[in-house]
Amino acid sequence: MKCELFLLPAELPDFHAKGRRVVLVDVLRACTSLSVALAAGAARIIPAESVEEAKQLLRALDREYALLAGEMDGRKLPGFDLGNSPAEFREPTLAGKTIVFTSTNGARLMTRMVDASEQVLLSFVNLAAVGDYLLACGDSDLTLVCAGQEGRFSLEDAVCAGMLCDWLRRREPTARFNDSASAAMVLYSAHEHDLPGLLQICEHGAFLRENGMGDDLVAAARLNTVPLVPVVREGRITAALPPFAPAPPGE
Ligand code: MLT
């Protein structure tokens with residue numbers, strides 16, 4: 001297996017995602033919150049590139065079964081049912097609902113990579129489930145991309161990507177990694193014993209804490225507590241649940 005990590009969305013060459021399975025990493029908070037939403041029974045999530053697009057997508061849905069969620073610049077938006085705090089997505093009222101979701105980095109990147117065969121959403125809460133899923137898929141080449149923060153590097157996404165690479169390396173000792181993946185594994189080794197502390201010191205974590213969203217950091221640090229894999233296929237996010245059957249030969 002060859003793992004290629006892109007630490008910033010801008011590093012991803014045009015059309016690189018086309019036809020591939022891509023792992024998208026956004027710990028704070030999109031990938032964490034969407035995993036929690038699917039675990040709470042949400043039927044599907046539709047990522048939207050902007051607030052306007054989200055509102056437009058919602059208009060086409062039966063409002064009784066649809067919710068509008070997300071943030072811009074970290075804050076819940078006027079007229080939205082939910083923001084982007086994991087706790088908001090834990091509600092039983094989400095069961096069976098379609099959620100239209102927009103966010104500053106994560107959702108935008110999802111809509112940019114629509115030509116991928118599949119996007120797999122990674123955060124600390126579902127890391128082992130994603131690892132198991134990827135091994136079951138059996139791809140020889142794996143692309144990972146960090147959502148970052150408005151085009152800039154995010155420490156928490158790099159550490160999470162490094163943790164997944166380390167997890168894969170332990171199971172596939174012959175796996176090869178590009179330099180960004182190797183660097184991310186070094187970052188992970190510096191933080192592996194204190195993920196809650198990492199989320200306190202990283203820039204976006206500090207922003208969320210200073211704006212009254214410190215509980216979201218605690219939720220995002222709960223390693224392997226959501227054993228499902230959100231996958232984006234044809235513009236819709238649904239859950240792949242373990243156990244994952246090995247991919248048939250030739251797929
Ligand atoms: C994003 O997608 O940009 C994030 O999830 C930002 C956030 O809500 O903290």
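First listed ligand is number 1; within each ligand, the first listed atom is number 1.
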Handout entry: Cys31 and its side-chain contact (heavy atoms from CB on, under 4.5 Å) partner, picked from Asp157, Val130, Leu24
Key = Leu24
Problem - Which of the ligand 1 atoms, numbered from 1, are nearer than 4.0 Å to a heavy atom of Gly106 - result: 1 (C), 2 (O), 3 (O)
Practice task
Output the list of atoms in ligand 1 that are nearer than 4.0 Å to some heavy atom of Leu28, sorted by atom number.
Solution key: 4 (C), 5 (O), 6 (C), 7 (C), 9 (O)
Exercise for the section: Could you list which atoms of ligand 1 come closer than 4.0 Å to a heavy atom of Asn84? Expected result: 4 (C), 5 (O), 7 (C), 8 (O)
Exercise for the section: Of all the heavy-atom pairs spanning Val36 and Pro86, show the shortest one and how long it is. Expected result: CG1-O, 3.5 Å
Practice task
Under 4.0 Å from a heavy atom of Asp26: give me the atoms of ligand 1 that qualify, with their elements.
Solution key: 1 (C), 2 (O), 4 (C), 5 (O)
Exercise for the section: Using distance alone, decide if ligand 1 has a nitrogen or oxygen within less than 3.5 Å of any nitrogen or oxygen in Ala107. Expected result: no
Handout entry: Any Phe101 side-chain heavy atom under 4.5 Å of Ile237 side chain
Key = no
Problem - Any donor-acceptor N or O pair under 3.5 Å, side chains Thr238, Arg44 - result: no
Exercise for the section: Check whether NZ of the Lys or CZ of the Arg Arg170 lies under 6.0 Å from the centre of the six-membered ring of Trp167 and within 45 degrees of that ring's axis. Expected result: no
Exercise for the section: Consider only side-chain heavy atoms of I, L, V, M, F, W and Y, link residues closer than 4.5 Å, and tell whether Phe124 and Val186 are in one cluster. Expected result: no
Problem - Nearest non-hydrogen protein atom, atom 9 (O) of ligand 1 - result: His204 NE2, 2.6 Å
Handout entry: Nitrogen or oxygen atoms of Ala30 and ligand 1 under 3.5 Å apart
Key = yes
Exercise for the section: List the closest protein heavy-atom neighbour of atom 6 (C) of ligand 1: residue, atom name, distance to the nearest 0.1 Å. Expected result: Glu71 OE2, 3.4 Å
Handout entry: Distance-only N or O hit between ligand 1 and Gln149, under 3.5 Å
Key = no
Fill in the blank from the handout: Rounding to 0.5 Å, atoms CG (Asp26) and CD (Glu156) come to a distance of 7.5 Å
Exercise for the section: Please determine which of Leu28, Asn105, Val27 meets the side-chain contact (heavy atoms from CB on, under 4.5 Å) test together with His204. Expected result: Leu28
Problem - Nearest neighbour in protein (non-hydrogen) for atom 2 (O) of ligand 1 - result: Ser103 OG, 2.6 Å
Exercise for the section: Answer with yes or no whether Arg108 contacts ligand 1, where contact means a heavy atom under 4.0 Å from a ligand atom. Expected result: no
